[in-house]
**Q** 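Would you mind keeping the following structure in view while I ask a few things?
Each chain gets a letter, A, B and so on, in the order the sequences are listed, and its residues count up from 1.
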Amino acid sequence: MKINKEGLKIKPVISEKNILKLKQLLIKLSKNIRLQDEIPTPLKNIMGVDVAYKEERALTVGVLFSWPELKHQNTFYRVDNVHFPYIPTLLSFREGTLIIRFLKNLPLKPDLLMVNAHGIAHPFQCGCASYIGLLTDTPSIGVAKKIICGELTKCEEGKNIAYLRFNNKIIGAVLNPGKRSKEIVVSAGHRVSLETAIEITLNTLRGYRLPIILEDAHRKATELSAEKL
DNA sequence: GCGACAG
DNA sequence: ATCTTGTCGC
């Protein structure tokens with residue numbers, strides 16, 4: 001049995017009953033999400049966040065980039081024990097909680113957050129990016145590599161984008177639709193419109209699959225976890 | 001009832 | 001996500 005100064009490192013088993021309650025909580029929280037643009041003007045920076053795991057420990061990273069220059073400004077990180085398992089649709093309670101804890105201990109408050117997860121393009125309309133935005137009252141955008149729910153609308157003529165529809169509402173957009181290996185799914189998290197989320201995502205693509213901000217956050221999370229965990 | 005299911 | 005060799009494609 002693995003033990004450290006923080007106590008027993010055991011992934012808690014979540015009961016079916018509690019899973020249902022958490023799903024209901026997400027549905028309830030989704031009603032507080034605001035989808036109009038409420039970002040600082042002018043927008044000065046964007047922080048990309050990511051988490052790397054090693055056994056039952058997690059290293060959360062935040063990379064701050066200036067906007068619109070997109071220059072790296074700073075890197076912050078924090079180490080925690082993992083307290084929740086990965087359960088499809090409940091990523092918020094595993095990773096979201098870690099990122100929120102990280103953000104609340106930062107010496108600054110980013111203008112906008114970019115998260116490698118879904119925003120409202122989620123079965124309960126409250127993915128990890130929305131959850132983080134709501135609980136920290138910060139504008140947020142979700143960018144994921146796979147669709148978790150919704151159906152693709154027809155790709156507009158000449159455009160490289162298709163919208164995601166779920167429950168008869170447009171919940172997100174897929175860039176590079178078709179080739180599943182390169183597509184990315186963009187959705188509003190909180191206090192940002194889908195149009196703005198798409199525009200910012202498109203303007204942060206630099207030849208990698210994900211926005212440079214998320215690629216950088218992911219790379220630093222991996223590097224730091226190898227060194228610190 | 002069955003299958004799908006971000007990181 | 002993470003564990004990992006060779007391998008397919010631009």
**Q** When you check the phosphate oxygens OP1 and OP2 of C/dA1, does a side-chain N or O of A/H218 lie under 4.0 Å from one of them?
**A** yes
**Q** When Watson-Crick pairs (N1 to N3 and N6-O4 or O6-N4) and G-U wobble pairs (N1-O2 and O6-N3) count only below 3.5 Å on both distances, what is the dot-bracket string of DNA chain B, with | for other-strand pairs?
**A** .......
**Q** Rounding to a whole Å, what distance do you find between A/D50:CG and C/dA1:C1'?
**A** 9 Å
**Q** Roughly how far, to the nearest 0.5 Å, is the CE atom of A/M114 from the CG atom of A/D50?
**A** 13.0 Å
**Q** Taking atom C1' of C/dA1 as reference, at what distance in whole Å does atom CG of A/L224 sit?
**A** 17 Å
**Q** State which of C/dT2, B/dC5, B/dG7 makes the closest approach to the side chain of A/A52.
**A** C/dT2
**Q** For the pair made of CZ in A/R219 and C1' in B/dG7, what is the distance, rounded to whole Å?
**A** 20 Å
**Q** Across the strands shown, which category fits A/L90 at heavy-atom distances under 4.0 angstrom: base, sugar-phosphate, nothing?
**A** base
**Q** Can A/R219 be said to sit on top of A/Y208's aromatic six-ring, NZ or CZ under 6.0 Å from centre and within 45° of the ring axis?
**A** no
**Q** To the nearest Å, give me how far apart NZ (A/K54) and P (C/dT4) are.
**A** 11 Å
**Q** Write down the distance between NZ (A/K182) and P (C/dG9), rounded to a whole number of angstrom.
**A** 14 Å
**Q** Could you pull out all residues at least two apart from A/D80 that satisfy salt bridge (charged side-chain N to carboxylate O under 4.0 Å, His left out)?
**A** A/R78, A/R101
**Q** Quick check on side-chain contact (heavy atoms from CB on, under 4.5 Å): which of A/I200, A/I184, A/I213, A/T204 does A/V143 satisfy it with?
**A** A/I184
**Q** Please evaluate residues A/D137 and A/R191 with respect to the criterion salt bridge (Lys or Arg N to Asp or Glu O under 4.0 Å), reporting the C-alpha separation (whole Å), side-chain torsions for both, the decisive distance (0.1 Å), and the verdict.
**A** CA-CA 8 Å; A/D137 193 30; A/R191 294 176 55 182; 3.2 Å; yes
**Q** Within this structure, what is the CD-CD1 distance for the pair A/Q125 and A/I171, rounded to the nearest 0.5 Å?
**A** 6.5 Å
**Q** Rounding to an integer number of Å, can you tell me how far A/L91 CG sits from B/dG7 P?
**A** 8 Å
**Q** Looking only at side-chain atoms of A/E95, point me to the closest of C/dA1, B/dA6, B/dG7.
**A** B/dG7
**Q** Can you tell me if A/K109 has over 12 outside heavy atoms packed within less than 6.0 Å of its NZ?
**A** yes
**Q** Could you run through DNA chain C and flag its stems, i.e. three or more consecutive Watson-Crick or G-U pairs with both distances under 3.5 Å?
**A** none
**Q** Between A/K145 and C/dA1, is there a side-chain N or O to OP1/OP2 distance below 4.0 Å?
**A** yes
**Q** Should the pair A/Y131 and A/F93 be assigned to parallel (<30°), tilted (30 to 60°) or perpendicular (>60°) ring geometry?
**A** perpendicular
**Q** Side-chain contact, heavy-atom cut-off 4.5 Å: A/L106 with A/F76?
**A** yes
**Q** Please report the distance, rounded to the nearest Å, between CG in A/L59 and P in B/dG7.
**A** 19 Å
**Q** Rounded to the nearest Å, what distance is computed from the OH atom of residue A/Y53 to the P atom of nucleotide C/dC3?
**A** 13 Å
**Q** So, do A/Y86 and C/dA1 meet the stacking rule of ring centres under 5.5 Å and planes under 30°?
**A** no
